[in-house]
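Quick notes on the structure that follows.
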Amino acid sequence: MPRKKKTVEDPALTRALKVMEAGALPDADLAAEFATLAESYGKLLRKFNKTLVISDAYEAQHQAMAKKLEEATWKYRQLKDVALPICMYCKKIRSDDDYWQRLETFFCNHADIMFSHGICPDCIKTAYEKMGMNRRAMPLPDAAVTGQPAASSERQPVEDDALREMRALVRRSAFDGSPVAPEVEQFVEKYGKLLRRFSKIVSISDSYQSQLRELNARLELMARTDLLTGLANHWEMVMRLAAEQSRSERNGKVFSIVLADIDHFKKVNDTHGHQAGDRVIRGIADTLRTNIRREDICSRWGGEEFLIILPEADLPRAGAVAAKLLAKVRNTVVPWDGRDIRVTVSIGYGTSEPGMSVDELIRRVDDALYSAKAAGRDRFAAAGSRADV
């Protein structure tokens, strides 16, 4: 059942209706035209009030989103003590003295900054393409900080056909001397003001809507990434694994996964402290990320575990990658408090088989990882195939 439209009360419209009901206009044609314009005013008034409600809703959503981003920014600041100034895409170490200050400012004022690592401006476009968004970098307007829409530098006069017709009506010679002329002129002026307010509210509403899109994009990117390492997080990797399995089945090709776990990581925390442990995780993450192919996907799977997807890679190829990563991590030096920390990893790897679920593949690779640990750590082991069972 359709809802009945509510009548919007307005003094100017009320007076205009009284003028028509009193029959005070000079002739029937003017009365009919004035009635049409009064109806147009009523429609604009209802539209204005509806838009005002929508704009208020956008503003409320914007404030809630800004609060979430403020919390995310606080977490980002907490990580600065253990975060190296490295761009997660171009891998360049930024030696600028004011790097952190500029990064924080960029993070707060741009919708395209993401993660504790940060992305330098040169890599923003590449980042969006990798995430499949294909959009240009766009700074948030001042409203993102102040909660108010940015004012336009030059406001254009707002008119519509109804307002032009009203003004033409007032200028007619047949209207001169009419006792209701002041009322009509006041009504026309009121309509013009309402039209300008309506245009302004629409602009504000569009601004909030644009900001919400930018804030949602930023939060989505942050939700998909591990803040400590800049790698894909566990839940992002679950989706990537499902997508890779579907692609593999569709194309009739296999894919492999590599699961690496830092050896004796608890000892690092107990000896050097948890901040040093975070630094080690960051160092190992960077080593793994920089020693795989562009099409491979590396993630932080758990506390000190990393999972890598190797698209279209068979078991021998996965074994070669595991051997390479093992050696690279072994030679990785993490400086901390005037000392060098070295760690090793144990690795399990395996390849998908027809009819094998992602959960089964991960379980087999996880078993291989623990086999490598049981054999003495700092080594890799292949997951057995179904034929071996």
Side-chain angles (χ1 to χ4, degrees), residues 224-226 228-229 231-249 253-269 277-278 280-289 291-293 295-330 332 343-389:
R224 294 162 64 174
T225 299
D226 175 62
L228 179 63
T229 63
L231 299 175
N233 62 18
H234 183 100
W235 300 114
E236 171 68 8
M237 203 59 164
V238 169
M239 291 187 288
R240 295 291 187 101
L241 283 166
E244 186 59 34
Q245 183 188 38
S246 297
R247 192 178 70 85
S248 176
E249 291 175 351
K253 296 181 179 179
V254 299
F255 71 96
S256 297
I257 64 173
V258 172
L259 187 60
D261 185 84
I262 300 176
D263 296 327
H264 302 296
F265 184 70
K266 185 177 183 300
K267 185 178 179 181
V268 174
N269 283 333
D278 288 344
V280 168
I281 289 176
R282 290 285 299 273
I284 300 306
D286 193 55
T287 297
L288 297 178
R289 176 172 44 214
N291 286 282
I292 57 178
R293 302 172 301 177
E295 61 267 29
D296 299 334
I297 307 165
C298 185
S299 72
R300 186 182 180 193
W301 188 245
E304 62 269 15
E305 280 190 334
F306 302 89
L307 189 145
I308 303 171
I309 300 176
L310 307 175
E312 299 184 17
D314 56 15
L315 197 63
R317 168 63 185 164
V321 172
K324 176 185 176 181
L325 295 178
L326 200 72
K328 293 292 184 180
V329 170
R330 192 183 298 131
T332 296
V343 295
T344 60
V345 294
S346 298
I347 294 177
Y349 66 94
T351 303
S352 63
E353 298 180 25
M356 181 183 289
S357 67
V358 169
D359 289 341
E360 183 181 354
L361 175 60
I362 293 175
R363 186 171 61 252
R364 289 174 179 271
V365 171
D366 197 45
D367 291 342
L369 168 63
Y370 281 97
S371 296
K373 284 187 173 294
R377 294 182 170 83
D378 191 20
R379 63 195 66 212
F380 57 89
S385 67
R386 282 179 165 180
D388 299 330
V389 179

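- Between Gly283 and Thr332 the shortest heavy-atom distance is O-CG2, 4.4 Å.
- We find the CG-CD1 distance between Leu259 and Ile362 to be 8.5 Å, quoted to the nearest 0.5 Å.
- A 4.5 Å side-chain heavy-atom check between Ile347 and Val329 finds every atom pair outside the cut-off.
- We find the CD1-CG distance between Ile257 and Asp366 to be 9.0 Å, quoted to the nearest 0.5 Å.
- Contact between Ser299 and Met237 at its shortest, heavy atoms only, is OG-CG, 3.2 Å.
- Under a 4.0 Å N-O distance rule, the pair Glu244/Arg240 does not qualify as a salt bridge.
- Side-chain contact between Ile262 and Val345 is present, with heavy atoms from C-beta onward closer than 4.5 Å.
- Counting heavy atoms from C-beta outward, Lys267 and Val343 have side chains that stay 4.5 Å or more apart.
- The main-chain N or O of Thr287 is found under 3.5 Å from a side-chain atom of Asn291 such that the two form a donor-acceptor pair.
- The shortest distance between side-chain heavy atoms of Val258 and Leu288 does not fall below 4.5 Å.
- Between the Arg317 side chain and the Leu315 main chain, no donor and acceptor come within less than 3.5 Å of each other.
- Ion pairing of Arg289 with Asp286 is present here, as a side-chain N (NZ or NE/NH1/NH2) and a carboxylate O approach within less than 4.0 Å.
- No donor-acceptor pair closer than 3.5 Å links the side chain of Ser346 to the backbone N or O of Leu369.
- The two atoms that bring Pro311 and Arg293 nearest to each other are O-NH2, 2.9 Å, heavy atoms only.
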>> As a quick check of understanding, evaluate side chain to side chain contact (heavy atoms under 4.5 Å, CB included) for Trp301 and Val238, giving each step before the final call.
In response: CA-CA 9 Å; Trp301 188 245; Val238 169; 4.1 Å; yes

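- No side-chain heavy atom of Lys324 sits less than 4.5 Å from a side-chain heavy atom of Ile292.
- Between Glu249 and Ser352, the closest side-chain pair of non-hydrogen atoms is not below 4.5 Å.
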> Do Val321 and Asp296 pass the side chain to side chain contact (heavy atoms under 4.5 Å, CB included) test, and can you show the C-alpha distance, the side-chain angles, and the key distance before you say yes or no?
Replying inline: CA-CA 11 Å; Val321 172; Asp296 299 334; 5.5 Å; no

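- The nearest pair of heavy atoms linking Ala322 to Tyr349 is CB-CD2, 3.9 Å.
- The 12-atom threshold is exceeded at NZ of Lys373, counting heavy atoms of other residues, nucleotides or ligands nearer than 6.0 Å.
- Nearest heavy atom pair, residue Asp378 against residue Leu326, reads O-CD2, 3.6 Å.
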> Where do Glu295 and Glu312 land on the side chain to side chain contact (heavy atoms under 4.5 Å, CB included) test, with the steps shown first?
Replying inline: CA-CA 10 Å; Glu295 61 267 29; Glu312 299 184 17; over 6 Å; no

> Stepwise, does the salt bridge (Lys or Arg N to Asp or Glu O under 4.0 Å) test hold for Glu236 with Arg300?
Replying inline: CA-CA 10 Å; Glu236 171 68 8; Arg300 186 182 180 193; over 6 Å; no

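- Side-chain atoms of Thr351 and Asp314 form no donor-acceptor pair, as typed in the model, at a separation below 3.5 Å.
- Listed for the Glu304 side chain is no donor-acceptor partner under 3.5 Å among the backbone atoms of His264.
- Within the 4.5 Å cutoff, side-chain heavy atoms of Leu361 are placed close to those of Phe255.
- In this structure, the separation between CZ on Arg377 and CG on Asp261 is 8.5 Å, given to the nearest 0.5 Å.
- The two residues Ile281 and Leu228 make their nearest non-hydrogen contact at CG2-CD2, 4.0 Å.
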